[in-house]
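Here is how names work: the chains are called A, B, and so on, in the same order as the sequence lines, proteins then strands, and each is numbered from 1.
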Amino acid sequence: MALFLGFLCVVVVGRLAELQLFEHGRWAAAAQAMQERTIELTPRRGTIYDRKGVALAFDVKAVAIAIDSFNMTRPETLVKILCEELGTSARTLEPLVYRPSYFTWINRKVDLETAHAIEKRAKEAGSYGLIFMDTWKRCYPQGALASNLIGFVGLDGRGLEGFELAYDAYLGGDPATLQVVQGADGRTYHTETSDKGLPGQDLRLTIDSRLQLLCEEEIDRGVATFKANAGFIVLLDPENGDVLAMAQNRRYDLNHFQASTAAARKNLAVNFLFEPGSAFKAITGLAALDCGAVRPEDRFNGNDGVTLYGHTIHNSENKSYGTVSFGEVIEQSINTGMIRAAQKLGEERMYRYLVDFGFGQKTGITLPGEEKGILTDVVDWSGLSLASTAIGQSVAVTGIQLARAMAVVANGGLLVAPRAVRAPAPGDEAGDAPAPKRVASESSCGEMRALLRRVVAQGTGTLAEVKGFAVAGKTGTAQKALPGRGYADGKYTSLFAGFLPGERPEYVLLVVLDEVKTTPIWGGYTAGQIFHGAASRIAALEHLAPVAAR
Amino acid sequence: MDARSDRGIIFVIGMLLLFGLVMAYSASAPFSLRHYGTSAHLFLKQLAAAALGLALLFLLSRFDYHRLRGLSEVLLIGSFLLTVATLLPLPLVSDSRWILLGPFALQPTELVKFGLIAYLAASIERKGERMESLSQGVLPFVIVLGIIAVVVMKQPDLGMILVFGALTAAMLFLGGARLSHLALLGAATIPIVTLVIRIAPYRLARIVSFLHPEAYSSSSGYQAIQSLVAVGSGGFLGRGLGASRAKLFYLPQAHNDFIFSVTAEELGLLGALLLIGLFAAFTWRALAIARRAPDELGKLLAWGIGFSIAFQALLNLAVALGLVPVTGLTLPFVSNGGSSLLITLAMVGVLLNIGRQGG
């Protein structure tokens, strides 16, 4: 008998050892799969502020609602409650509610009050099956303001456009990971944080929402007045490259981004490529002055028609100006004079300056989809390239590139890195941004500023003048080039690039209109007026001190 | 009287009881908390049963076991009638197994176990030489066992029938019954065995199917795989006292029938072996008492008590380890359940009395 019990005992101990020693790994894994869950907690996404601390995007608590149609009761009551509380039609809701699944999303961003009301009503009605989960909802209190800059996040909380996309990881942080031991009763008995995650960081923009709003209003009005296809404004601080406003007429309500079109979501100031036309003379002119190829008082033949390799380039409206100074070439935007001045500069030097001024390269502004423009390598230039480039043809630029190059003139020769996000911001931890690179001398920039002042005082840009603030700038009207098909008849880009006030400019302002349909189309007439409107309001808003008119 | 052996078995029983109470608390805490609002609810009842049981143990250790001779039939018949009562639609009956007595529930089959041991010991002693006869020695006991088995089968409590059967066979063998007659006894229990086996194929199939986690659906299969998960995940050292996850409602009956699984999960192979070692030591001491018993009655009683506790413990472990189908037996000293603990301690009291009178 004792032997019988002993035998049973050996069998039991043997089995015990088999389970606990040899099969331990397998059973431990089975236990873990059954009893443990890994839960990710999405942190609150950082807030996006403008430079003055105005919140442009922030997270609020919300509730994600889903349904378990296998365990629901009284579905018709649920549909009724959801219809009434969410304001969704039964036709939309019914397929969701009746979809045979343990988990179907009903609405992933329901505000707290509505969610609580739904929960309460469902409970009172004795309807089960709704699943409520805490989540975050992105709010854009300014609606469509700066929509081209801010962008939005999708339902899954990931940034899809603008800064929301460019700084997605920084804003979004990292989810915390929790290891949870759950009982078969569904309760949590033990929670261990395996990864604390990283909270979302706030982002401070260089944008000033008041200036942004003002520019948006002015470009809206301008686009409407001149029946343009589209238009945008870039407002830059020439000293440090801060983008103060980047306004365009195409906007969309960020809170209802689903209704937006791809065209509306494009940020024209970094995506839209255009030939700068005569406005480029401010840049090529600076190059000619800076290397000493030309003096402001040097005289050039300004009569119509420069023929190169059998191709004749005309002045605007085929005007002839006789012998004119370089100053007059800029002031009156005389193509033939400018080409002759460029010939003194030469291909190599012009190309070198344009590269130094940042053309043909991305500016590095942290906005998605920035274009680098088109600046053909000098070794591939044709005989006509020097002449056409000098007057802003055969090159394509972005608004931010052109504004930055104008900032070089404005700040006395330094190429600043345009930035839309203020420190502290990701990428800035490594230290301050590199010191702006000197690309032209103080004196040549001073000379060019004086010439650009003449453009507004008495040249092609008089409409841009703001009394008392000595606006300087350059007009441009460029026939639109279509990729691979040459110039399009009757389609123009009209622009005005300038700065104020006076000798120490604080604002570089670029206005670009695409396909103006009223006449005249001239940049000085159309964009110049928008410049005037925006600049006057900026001066008033920023309490700029007037300068002595010259 | 051998004071040394007495102290030895008292130490082992104390350890078993202590071990049992600790595990009874650990395993029942989540269940108590959920159903009664306090984690100590079932434990306090168990503690009360232990106190009552110890009092009973003390009394019976002073109560001359020879007086059981006259009481054995009353005990067996009385407990049997109580068992029959559980099958009747009476107000105090719960779940065909328990009779409710205030805050406690009495499980009559536990009492039957005690009655059966006393009856077998007294009757075998009285029959003496006649045990070698089939009609007078073995058959009457088979008939008694058969009647009890039919009633207990109705409950149904298969595990208890197995214990009764094994107990009867063991005591008859020890009492001088011929092996050939015991083989006949075995044949007589074939209907029961057949029944077990009729149920067994699908149970066995389920146990085999546990090894594949996708076959979770069936209830007894679920219970058995949860037990294996608990034991296996305990490993060598266990998750630590109180850290069982199986008891978080994954393993049904974690605080009574499957308390060994929780023990093995929390205390690992080391803790489980300690418990098995304590049972082995207890059995060894019980058999020593039987050997030294002053007379045949004492020998048979001590044997029956030691065997029934050891066999029930082994069967319980075999179930927890997936060696046999789920039968529903408590682990003596350890499982939550007042009746089981009370009767176990009472039987140990008788055992101690035999030890006192032994040489």
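Only the side chain of B/I276 comes within contact range of chain A, judged by heavy atoms closer than 4.5 Å. For A/A2, the parts lying near chain B are the backbone and the side chain together; criterion is any non-hydrogen pair under 4.5 Å. If you measure heavy-atom distances from A/V12 to chain B, the contacts under 4.5 Å come from both the backbone and the side chain. Only the side chain of A/L21 comes within contact range of chain B, with heavy atoms under 4.5 Å apart. Using a 4.5 Å cut-off between heavy atoms, B/W284 makes no contact with chain A at all. Residue contact with chain A, scored on non-hydrogen atoms closer than 4.5 Å, involves the backbone of B/A246 exclusively.
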Does B/L314 form a side-chain contact (heavy atoms from CB on, under 4.5 Å) with A/V11? I'd like the steps, not just the answer.
CA-CA 10 Å; B/L314 280 169; A/V11 170; over 6 Å; no
Please step through side-chain contact (heavy atoms from CB on, under 4.5 Å) for the pair B/F260 and A/L16, ending with a clear verdict.
CA-CA 11 Å; B/F260 178 74; A/L16 193 62; 3.8 Å; yes
Checking A/L5 against B/F307 for the side-chain contact (heavy atoms from CB on, under 4.5 Å) test, could you report, in this order, the C-alpha distance in whole Å, the side-chain angles of both residues, the deciding distance, and whether it holds?
CA-CA 8 Å; A/L5 291 176; B/F307 181 86; 3.8 Å; yes
Start with the C-alpha gap between B/F173 and A/F4, add the side-chain angles, then the distance that decides, and say whether side-chain contact (heavy atoms from CB on, under 4.5 Å) holds.
CA-CA 13 Å; B/F173 173 70; A/F4 169 66; over 6 Å; no
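To the nearest 0.5 Å, the span separating OH on A/Y189 from NZ on B/K247 amounts to 10.5 Å. The line from CG of B/L228 to CZ of A/R26 is 9.0 Å long, rounded to the nearest 0.5 Å.
At most 12 heavy atoms of other shown residues, nucleotides or ligands fall within 6.0 angstrom of atom NZ in A/K80. For OH of A/Y128, the number of neighbouring non-hydrogen atoms (other residues, nucleotides, ligands) closer than 6.0 Å is 12 at most. With a 6.0 Å radius and a threshold of 12 heavy atoms from other residues, nucleotides or ligands, A/D111 has its CG atom above the threshold. Residue A/Q258 places its CD atom among more than 12 non-hydrogen atoms of other residues, nucleotides or ligands, all under 6.0 Å distant.
Nearest heavy atom pair, residue A/A184 against residue B/F249, reads CB-O, 3.1 Å. Annotation for A/Q20 and B/L269: closest pair OE1-CA, 2.9 Å, computed over non-hydrogen atoms. In this structure, A/A28 and B/S233 approach most closely via the heavy-atom pair CA-CB, 3.8 Å. Scanning both residues, B/V229 and A/Q35, for their nearest heavy atoms gives CG1-NE2, 4.4 Å.
Between chain A and the options B/A264, B/A166, B/A318, heavy-atom pairs under 4.5 Å are most frequent for B/A264. Of all the listed residues (B/L251, B/L273, B/L248), the one sharing the greatest number of non-hydrogen pairs under 4.5 Å with chain A is B/L248. No other option in A/H24, A/Q32, A/H190 has as many heavy-atom pairs under 4.5 Å with chain B as A/H24.
Within residues 26-37 of chain B, the residues that have a heavy atom under 4.5 Å from a heavy atom of chain A are B/R34, listed by number.
Within the 4.5 Å cutoff, the side chain of B/R245 has no heavy atoms near those of the A/Q182 side chain.
For A/T88, there are no side-chain hydrogen bond (donor to acceptor under 3.5 Å, both in side chains) partners two or more places apart in sequence or in a different chain.
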